[in-house]
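Each remark here refers to the structure printed beneath this line.
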Number of protein chains: 2
Amino acid sequence: MATRSDAVQVDVRLDRTSPVPLYHQLSQAIEAAIDNGALRPGDRLENELSLTERLGLARPTARQAIQELVRKGLLVRRRGLGTQVVRPAIHRDARLTSLYSDLASGGREPDTRLLTHDTTTPSAAGIDLGDVMAPDTPLHLLRRLRWADGEPLAIMTNYVPARFELDDAALAGRSLYDLLREQGAQIAIAHQTIGARLADAEEAGLLEQPRPLACVTAELIVYDDAGALVEVGRHLYRADRYTVQTSLVV
Amino acid sequence: MATRSDAVQVDVRLDRTSPVPLYHQLSQAIEAAIDNGALRPGDRLENELSLTERLGLARPTARQAIQELVRKGLLVRRRGLGTQVVRPAIHRDARLTSLYSDLASGGREPDTRLLTHDTTTPSAAGIDLGDVMAPDTPLHLLRRLRWADGEPLAIMTNYVPARFELDDAALAGRSLYDLLREQGAQIAIAHQTIGARLADAEEAGLLEQPRPLACVTAELIVYDDAGALVEVGRHLYRADRYTVQTSLVV
DNA sequence: GAGTGGTCTAGACCACAAC
DNA sequence: TTGTGGTCTAGACCACTCC
């Protein structure tokens with residue numbers, strides 16, 4: 001009966017008056033237990049039925065919490081076996097800027113210098129946006145240099161449809177995404193392609209690095225919730241300061 | 001009543017005798033509709049209630065199908081507004097090898113040549129595996145060269161715990177993951193860090209490319225379902241043949 | 001046979017957006 | 001007010017793994 005003896009019960013306190021969904025409160029509690037060592041790699045999590053009885057939840061709610069952590073790569077489930085912790089804890093490396101930084105940290109960018117601001121078109125810029133935008137649609141072409149910790153970190157090239165108004169003065173003080181949001185862009189989804197290439201002489205100069213210099217490239221295509229293009233970004237990062245982390249569940 | 005007039009009904013045929021879950025049959029049908037142009041970017045999807053009535057499904061089942069496509073970056077949902085298509089279709093670029101290739105295509109690797117096979121330890125190899133493995137645990141050290149389409153594509157360095165038996169003859173003919181699976185490794189999850197660096201002279205020679213050469217680096221840490229280490233891979237890819245794609249929902 | 005996760009149903013109430 | 005997605009309940013039956 002009940003759970004097999006080696007399963008670990010997580011200390012969970014749910015607040016049903018909170019606006020935070022119950023499944024998210026639960027997944028955060030489990031994640032915290034993994035973080036602080038109460039649950040260690042290889043440990044078995046209490047099974048769903050026991051968990052739901054103990055916490056007074058319906059099973060789909062508990063499943064949703066666990067599923068969130070499976071997708072994040074912290075847990076693994078096997079039918080007939082149970083749910084286990086696979087990852088020790090999240091390594092937060094100060095050197096690393098995550099995928100998110102370009103969008104999520106938009107609120108207060110460390111320091112961004114506007115290099116140039118011109119007008120172009122997708123065909124002139126060599127961008128193929130087939131279904132989303134005609135090749136002769138006018139675009140802003142921005143080149144910016146991002147600094148962090150007193151060092152140049154990345155050269156960011158942004159293409160933004162001309163229906164947005166981008167004022168150089170505003171660009172200096174505010175993040176690009178703030179400006180776009182203000183003008184009604186409901187940013188919904190970004191597709192990113194990560195690769196590598198050598199920096200040319202000008203780029204290495206801007207990044208204040210000797211050549212030859214290997215850089216991480218990221219091409220970002222950002223759409224709003226109507227599927228309209230908000231931005232194409234082509235960014236060049238110093239490889240010693242930027243990596244991308246992903247998890248893959250088999 | 002019913003749906004707002006501009007919503008698109010997808011042609012779906014569900015097979016309740018199939019072992020494929022209903023939610024997955026539905027999500028595949030919607031994805032196919034996006035692929036073949038029946039649903040275009042900006043189109044609104046039929047709402048959940050209408051969809052569930054029409055198909056005779058419960059709402060959570062339809063939600064699960066739609067959620068799958070939201071995570072894949074094809075759809076966006078907004079409360080009070082509806083569900084919309086954001087992405088034209090998935091660009092399948094032959095040049096691109098996805099994140100998955102290292103694990104999923106393990107069945108039939110195009111061609112992999114074993115360069116060296118030695119023994120080392122985490123501390124000697126400069127790998128820190130803190131909780132998962134003591135620094136003096138013996139490891140296989142493999143260096144392999146992967147070919148595709150008659151060209152060298154990647155240099156793969158693998159560290160595998162000595163508890164696995166890796167026979168050079170078997171390694172030549174079989175994929176590494178096949179061998180590990182055969183010996184009981186239930187591969188569960190991989191964490192990957194993508195970056196870039198310059199290839200050294202030997203590496204450029206193996207890849208048959210002139211220097212300086214910028215390469216994509218991928219460090220893979222693979223765990224089994226008990227949280228035990230199965231493999232650490234440090235791979236160096238030709239940047240002109242390898243990129244990584246991810247999506248980011250805001 | 002017992003324990004476990006995987007799928008599915010049939011509802012309920014709420015929060016947000018548009019009219 | 002109406003349509004929409006977001007959350008949650010309380011069950012059901014099935015498939016897989018281990019004993």
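The chains referred to below are lettered A, B, ... by the order of the sequence lines, with proteins before strands, and numbering in each begins at 1.
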Taking atom P of C:dT9 as reference, at what distance in whole Å does atom CG of B:Leu51 sit? 12 Å
Give the rounded distance in Å between these two atoms: CG of B:Leu22 and C1' of D:dC13. 13 Å
A:Ile30 side chain near A:Leu45 side chain, heavy-atom distance below 4.5 Å: yes
Closest to the B:Arg79 side chain: C:dA15, D:dT17, C:dC8? C:dA15
Nearest-neighbour nucleotide for the B:Thr83 side chain, D:dG5, D:dA10, D:dT7 considered: D:dG5
Looking at C:dT9, C:dG5, D:dT4, which one has an atom nearest to any side-chain atom of B:Arg44? D:dT4
Flag the pair A:His235 / A:Asn158 as yes when at least one side-chain heavy-atom distance between them is below 4.5 Å, and no otherwise. yes
Report yes or no: is there a donor-acceptor pair, N or O only, under 3.5 Å between the side chain of B:Arg59 and the base of D:dG6? yes
Think B:Arg16 has a side-chain N or O under 4.0 angstrom from the OP1 or OP2 of D:dC14? no
Whole Å only: how far is the CZ atom of B:Arg77 from the P atom of C:dC16? 16 Å
Would you indicate, yes or no, if C:dG3 has its OP1 or OP2 atom less than 4.0 angstrom from a side-chain nitrogen or oxygen of A:Asn47? no
Closest nucleotide among D:dT17, C:dA17, C:dC8 to the B:Leu81 side chain: C:dA17
Taking CG from B:Leu49 and P from D:dT4, how many angstroms apart are they, rounded to a whole number? 8 Å
Between CD of A:Gln64 and P of C:dG6 the distance, given in whole Å, is 14 Å
Given that A:Gly56 and B:Gln67 both sit by DNA chain D, which one's nearest nucleotide is further toward the 5' end? B:Gln67
Under a 4.0 Å N-O cut-off, is there an ion pair linking B:Asp15 with B:Arg13? no
Should A:Leu75 and A:Val85 count as side-chain neighbours, where that means a heavy-atom distance under 4.5 Å? yes
Closer than 4.0 angstrom, basic N to acidic O: yes or no for B:Arg77 and B:Glu48? yes
Please state how far atom CZ in A:Arg78 lies from atom P in C:dG6, giving the value in whole angstrom units. 10 Å
In whole angstrom, what separates B:His24's NE2 from C:dC8's P? 11 Å
Rounded interatomic separation in angstrom, taking OH from B:Tyr23 and C1' from C:dT7: 8 Å
